[in-house]
Amino acid sequence: MIPDSIEAARRLLSWYDRHRRDLPWRAKPGETADPYRVWLSEIMLQQTTVPAAAPYFRNFTERWPAVRDLADAPLDDLLVAWAGLGYYARARNLHKCARAVVDRHGGRFPANEAALLELPGIGAYTAAAITAIAFDRKATVVDGNVERVIARIFAVEEPLPNAKPSLRRLAATLTPDFRPGDYAQAMMDLGATICTPRKPKCMLCPWAEYCEGRTAGIAETLPRKVAKAEKPTRRGVAYWLLNPDGSVLLRRRAEEGLLGGMAEVPSTSWGPELPGEAAVAAQQPLPARWRRLPGLVRHTFTHFHLELEVVAGQAGADWRLADGTWVPVDRLGDHALPSVMVKVVRHALSHA
DNA sequence: CAAGCGTGGTC
DNA sequence: TGACCAAGCTT
């Protein structure tokens with residue numbers, strides 16, 4: 001158990017000072033944090049690893065150095081820049097949030113949790129993180145790392161997500177009044193580098209002697225989680241359609257839902273079974289003779305597996321009638337293609 | 001409020 | 001190699 005939460009916080013901060021990681025969005029010691037950069041990094045890091053987010057962060061801050069720049073940019077420019085990072089609602093909310101900060105707050109992020117929570121794309125975790133890291137005000141930051149650290153320190157055996165309220169309460173009892181920003185980052189760094197999901201490095205942990213999970217020999221098994229449902233497989237056929245200029249037909253997906261607002265190679269609907277010839281003909285973007293390309297494009301989303309067969313066709317004189325945009329192959333990079341569609345494009349180019 | 005929402009890395 | 005995982009939010 002933790003006999004003295006102030007002493008525990010001091011120990012964690014001492015460890016943090018010695019092992020602070022140099023990350024692209026992190027202010028150097030003594031520097032003042034930029035709320036815009038803190039916000040942008042926190043949105044990018046939602047359910048996303050540091051190595052995946054880092055190049056996107058560099059690109060965004062170079063193109064849009066301040067929140068006003070982001071607010072003034074067209075949404076489509078953000079979507080193209082976000083393509084490949086996933087969870088595209090984040091990019092749409094990023095734009096909404098930038099506009100809200102400009103319109104409602106004069107271009108400055110509000111310095112309190114409640115006001116931050118009102119902004120699009122900012123939930124409990126992100127509001128607390130910005131409060132602590134950008135403004136150095138006390139806030140209890142609870143992300144997946146913190147949940148793991150707290151579950152182990154207090155040997156919480158109740159499975160997630162039920163345990164969330166308890167873990168939050170326990171985390172709050174440890175949050176000190178001093179160095180709020182450093183403490184928040186220290187907790188997350190501890191989870192990311194020492195108190196890792198597998199093979200935690202307890203020998204290096206500044207809190208090892210407090211850790212009830214370690215004492216009980218169950219630290220590595222925590223936090224417990226309820227088993228997730230198995231992912232179903234959905235199947236469809238994608239249409240690789242060229243016009244007489246050699247341009248490819250792309251469409252824009254609906255603004256809401258899966259891959260909302262992103263570009264796609266047109267396809268049949270995705271169902272349990274691969275669509276037959278009749279369905280392929282019924283849903284084709286233009287009448288064409290379709291040639292089946294060998295192999296399948298496989299992709300896994302959060303909640304289902306996808307298998308796409310790709311068919312190639314040549315549009316005739318009526319190609320202008322197609323619903324969508326004709327894009328020269330060497331300009332496909334200008335469009336907001338999610339990773340699954342990049343796979344389809346690569347598949348088509350290598351087999352067609 | 002459970003379910004929907006991406007992707008690339010890891011073991 | 002397939003399941004699991006990562007600095008969650010929205011509806």
Side-chain angles (χ1 to χ4, degrees), chain A residues 21 23-26 37-57 79 82-94 96-97 116-134 139-149 160-162 164-165 167-168 171 181 183-193 195-199 220-221 223-234 253-262 264 270 298-306 336-343:
Chain A
R21 294 187 292 166
L23 300 174
W25 41 81
R26 189 166 275 181
R37 294 167 65 89
V38 173
W39 162 71
L40 180 61
S41 68
E42 291 302 339
I43 301 298
M44 287 185 169
L45 288 165
Q46 288 168 5
Q47 299 287 284
T48 305
T49 58
V50 165
Y56 286 84
F57 179 82
L79 291 178
W82 196 276
L85 196 53
Y87 283 137
Y88 298 100
R90 291 186 295 174
R92 304 193 298 271
N93 284 331
L94 197 74
K96 282 188 201 161
C97 185
L116 287 164
L117 260 178
E118 297 296 312
L119 293 167
I122 297 185
Y125 160 76
T126 307
I130 296 174
T131 301
I133 299 170
T140 298
V141 169
V142 184
D143 70 338
N145 288 308
V146 176
E147 285 180 343
R148 185 170 57 254
V149 170
L160 286 168
N162 273 10
K164 277 177 181 291
L167 294 173
R168 164 169 292 285
Y183 179 81
Q185 294 177 86
M187 280 292 277
M188 293 190 282
D189 271 18
L190 186 68
T193 63
C195 197
T196 48
R198 283 168 302 217
K199 298 186 184 300
E220 191 170 358
T221 73
R224 311 226 194 281
K225 299 185 180 182
V226 300
K228 291 171 195 160
E230 193 178 334
K231 289 177 183 175
T233 298
R234 296 193 203 168
R253 292 180 59 87
E255 297 302 319
E256 304 289 319
L258 185 72
L259 309 176
M262 301 295 284
E264 68 172 351
W270 301 344
R298 294 176 193 279
H299 190 79
T300 299
F301 293 101
T302 308
H303 53 296
F304 66 92
H305 302 288
L306 177 66
L337 288 170
S339 292
V340 60
M341 291 301 155
V342 172
K343 285 186 189 176

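Letters go in sequence order (proteins before strands), and every chain restarts at 1.
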What contact category does [X] fall into here, base, sugar-phosphate, or nothing, at under 4.0 angstrom with non-hydrogen atoms?
X	value
A:Pro51	nothing
A:Arg148	sugar-phosphate
A:Gly191	nothing
A:Arg21	base
A:Leu23	base

Look for any protein N or O under 3.5 Å of an N or O in nucleotides 8-11 of chain C and output each such pair with its distance, or none.
{"residue": "C:dG8", "atom": "OP1", "partner": "A:Gly144", "partner atom": "N", "Å": "3.4"}
{"residue": "C:dG8", "atom": "OP2", "partner": "A:Gln47", "partner atom": "N", "Å": "2.5"}
{"residue": "C:dG8", "atom": "OP2", "partner": "A:Gln47", "partner atom": "NE2", "Å": "2.9"}
{"residue": "C:dG8", "atom": "O5'", "partner": "A:Gln47", "partner atom": "N", "Å": "3.4"}
{"residue": "C:dC9", "atom": "OP1", "partner": "A:Gly123", "partner atom": "N", "Å": "2.9"}
{"residue": "C:dC9", "atom": "OP1", "partner": "A:Gly123", "partner atom": "O", "Å": "3.4"}
{"residue": "C:dC9", "atom": "OP1", "partner": "A:Thr126", "partner atom": "N", "Å": "3.0"}
{"residue": "C:dC9", "atom": "OP1", "partner": "A:Thr126", "partner atom": "OG1", "Å": "2.8"}
{"residue": "C:dC9", "atom": "OP2", "partner": "A:Tyr125", "partner atom": "N", "Å": "3.4"}
{"residue": "C:dT10", "atom": "OP1", "partner": "A:Gly121", "partner atom": "N", "Å": "2.6"}

Using heavy-atom distances to pick each residue's nearest nucleotide on DNA chain C, tell me which of A:Glu230 and A:Thr196 is more 5'.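 Closest to the 5' end, via its nearest nucleotide, is A:Glu230.
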Can you list everything that forms a side-chain hydrogen bond (donor to acceptor under 3.5 Å, both in side chains) with [X]? Sequence neighbours excluded, please.
X	answer
A:Asn93	none
A:Thr49	none
A:Lys164	A:Glu147

Distance check needed: C:dC4 C1' versus A:Lys228 NZ, whole Å only.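 Rounded to whole Å, this separation is 7 Å.
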With sequence neighbours excluded, tell me which residues meet side chain to side chain contact (heavy atoms under 4.5 Å, CB included) with [X].
X	answer
A:Pro55	none
A:Arg168	A:Ala124, A:Val142
A:Glu118	A:Arg104
A:Thr302	A:Tyr87

Shoot me the first and last contacting nucleotide of DNA chain B against chain A, ordered 5' to 3', at under 4.0 angstrom to non-hydrogen atoms.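 From 5' to 3', the first and last contacting nucleotides are B:dG4 to B:dG8.
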With a 3.5 Å cut-off and sequence neighbours excluded, list the donor-acceptor pairs that the side chains of residues 253-261 of chain A form with protein atoms.
{"residue": "A:Arg253", "atom": "NE", "partner": "A:Leu258", "partner atom": "O", "Å": "3.1"}
{"residue": "A:Arg253", "atom": "NH1", "partner": "A:Glu264", "partner atom": "OE1", "Å": "2.9"}
{"residue": "A:Arg253", "atom": "NH2", "partner": "A:Leu258", "partner atom": "O", "Å": "3.1"}
{"residue": "A:Glu255", "atom": "OE1", "partner": "A:Arg252", "partner atom": "NH2", "Å": "3.4"}
{"residue": "A:Glu255", "atom": "OE2", "partner": "A:Arg252", "partner atom": "NE", "Å": "2.6"}
{"residue": "A:Glu255", "atom": "OE2", "partner": "A:Arg252", "partner atom": "NH2", "Å": "3.2"}

Please report the distance separating the P of C:dT11 from the corresponding atom of B:dG6, rounded so that it comes out in whole Å.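 Pairwise P distance, C:dT11 against B:dG6, rounds to 14 Å.
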Using the P atom in both, what is the distance from B:dT7 to B:dA3, to the nearest Å?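 The same atom, P, in both gives a distance of 22 Å.
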Got a sec? Which of residues 183-190 of chain A come in under 4.0 Å of DNA chain C, heavy atoms?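 Of all residues in residues 183-190 of chain A, the ones placing a heavy atom under 4.0 Å from DNA chain C are A:Met188.
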Using heavy-atom distances to pick each residue's nearest nucleotide on DNA chain B, tell me which of A:Asn162 and A:Met341 is more 5'.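 That would be A:Asn162.
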For A:Leu85 and A:Lys199, find the nucleotide of DNA chain B closest to each by heavy atoms; which residue's nucleotide sits nearer the 5' end?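 In this pair, the answer is A:Leu85.
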Would you say the ring centers of A:His299 and A:Phe301 fall short of 6.0 Å from each other?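 Distance test on ring centres: under 6.0 Å, yes.
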With sequence neighbours left out, what residues match A:Tyr56 under ring pair (Phe, Tyr, Trp, His ring centres under 6.0 Å)?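 A:Tyr56 satisfies ring pair (Phe, Tyr, Trp, His ring centres under 6.0 Å) with no other residue.
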Heavy-atom check, side chain of A:Trp39 versus side chain of A:Leu94, under 4.5 Å: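 Heavy-atom side-chain distance check passes, below 4.5 Å.
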Does C:dC4 have OP1 or OP2 under 4.0 Å away from a side-chain N or O of A:Lys225?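 Result: no.
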